[in-house]
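Read the structure below first, then the notes.
Note that the coordinates shown come from a computational prediction; the quantities given were computed from them, not determined experimentally. Throughout, residue positions are numbered sequentially from 1 according to the sequence presented.
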Amino acid sequence: MNKFKNVYVVNHPLCCHNLSIIRNKETNAEVFRNAIRRITYLLFYKATEDLELETVNIDTPLEKCEVKMLRSGKEIIIAPILRAGLIFSDVANEIMPFATVRHIGMYRDEDTLTPVWYYNKIPIEFENPEDKIILILDPMLATGNSAVDAIKLFTAKNVPQNNIRFVSLISAPEGLEKVTNNFGEVKIITASIDNCLNEHGYIRPGLGDAGDRIFNTVEN
Ligand code: URA
């Protein structure tokens, strides 16, 4: 349990183990990416556990059979926030090959800690917004500024908040406060709620700059 409504912390032992690997500053980019990949499956298990099913009649090689499949007419949209969110995309595509991928490009202005937009693949109009399930992907939910802006992209097109999930590896309490105050019905799935942010908006203890560690661009 945690104090935030609609925030789910995936406390699975394999999440904890792999989180410890990625927190370690000695972990190289290859090992870092592979450990995140293993955590991603567990996060998506939680993020997708309430997808709606419908009953369908099929024939097995032996007989007729009633089976359950994902409800038709619902569109799953995976929205990775560039660039670090790309680390979740492969697993998302693997387990939901029918999903649409709509990238969101934002970087953080290091002085103001506010997001700066540079790319947005969200259509101007969404038909049947109530039938869209949105999974916004960003490994670090820090100040919550980019999370709020990304969520707004979809709520502004009338996607109901409870159709939106935000998937992160590590979250800061400050960011969770901000997102849950603005969008109380959006579900947040994370592997850890860390202690706090530092003066530069980095999560403590965290893992440093996720994008730099994923893409091996850490400058020493
Ligand atoms: N983005 C990161 O990559 N790391 C943090 O700690 C905060 C934001």
Closest non-hydrogen atom pair between [X] and [Y], with its separation:
X	Y	result
A210	A84	CB-CB, 4.3 Å
N93	V101	OD1-CG2, 3.3 Å
E110	Y202	OE2-OH, 4.2 Å
S171	T190	OG-OG1, 3.0 Å
I95	F44	CD1-CB, 3.5 Å

Quick one: does [X]'s side chain have a donor or acceptor within less than 3.5 Å of a partner on [Y]'s backbone?
X	Y	value
N145	L113	yes
R165	A47	yes
T27	I21	yes
N158	P129	no
D194	A172	no
R102	K121	yes
R83	Y107	no
N2	V7	yes
N163	V159	no
R213	R33	no

Consider only side-chain heavy atoms of I, L, V, M, F, W and Y, link residues closer than 4.5 Å, and tell whether [X] and [Y] are in one cluster.
X	Y	result
I164	M106	yes
L153	V116	no
L141	L197	no
I104	Y118	no
L19	L14	yes

List the steps and the verdict of side-chain contact (heavy atoms from CB on, under 4.5 Å) for L137 and F166. CA-CA 6 Å; L137 314 180; F166 192 96; over 6 Å; no
Student check: side-chain heavy atoms of [X] and [Y] closer than 4.5 Å:
X	Y	answer
I87	P139	yes
P80	I78	yes
F88	D138	no

Under a 3.5 Å cutoff, is there a donor and acceptor pairing between the side chains of [X] and [Y]?
X	Y	answer
R23	S192	yes
E174	T143	no
T155	Q161	no
T217	D212	yes
K187	N162	no
R38	N18	yes

Show, in sequence, the C-alpha distance, side-chain angles and deciding distance for T55 and V67, and conclude whether the side-chain contact (heavy atoms from CB on, under 4.5 Å) test is met. CA-CA 6 Å; T55 305; V67 292; over 6 Å; no
Evaluate side-chain contact (heavy atoms from CB on, under 4.5 Å) for K68 paired with E54, printing each intermediate quantity in order. CA-CA 5 Å; K68 303 245 184 246; E54 65 185 5; over 6 Å; no
Walk me through whether L53 and L51 qualify under side-chain contact (heavy atoms from CB on, under 4.5 Å). CA-CA 7 Å; L53 295 171; L51 292 180; over 6 Å; no
State the CG-CD1 distance between D131 and I76, to the nearest 0.5 angstrom. 11.5 Å
Pairing of K157 and E125 as salt bridge, 4.0 angstrom limit: no
Assign the ring pair F126 / F154 to parallel, tilted or perpendicular, where the plane angle (0 to 90°) is split at 30° and 60°. parallel
Given the rule in the salt bridge (Lys or Arg N to Asp or Glu O under 4.0 Å) test, do E94 and R37 qualify, once you have shown the distances and angles that lead to the verdict? CA-CA 11 Å; E94 183 188 336; R37 188 177 175 85; 2.8 Å; yes
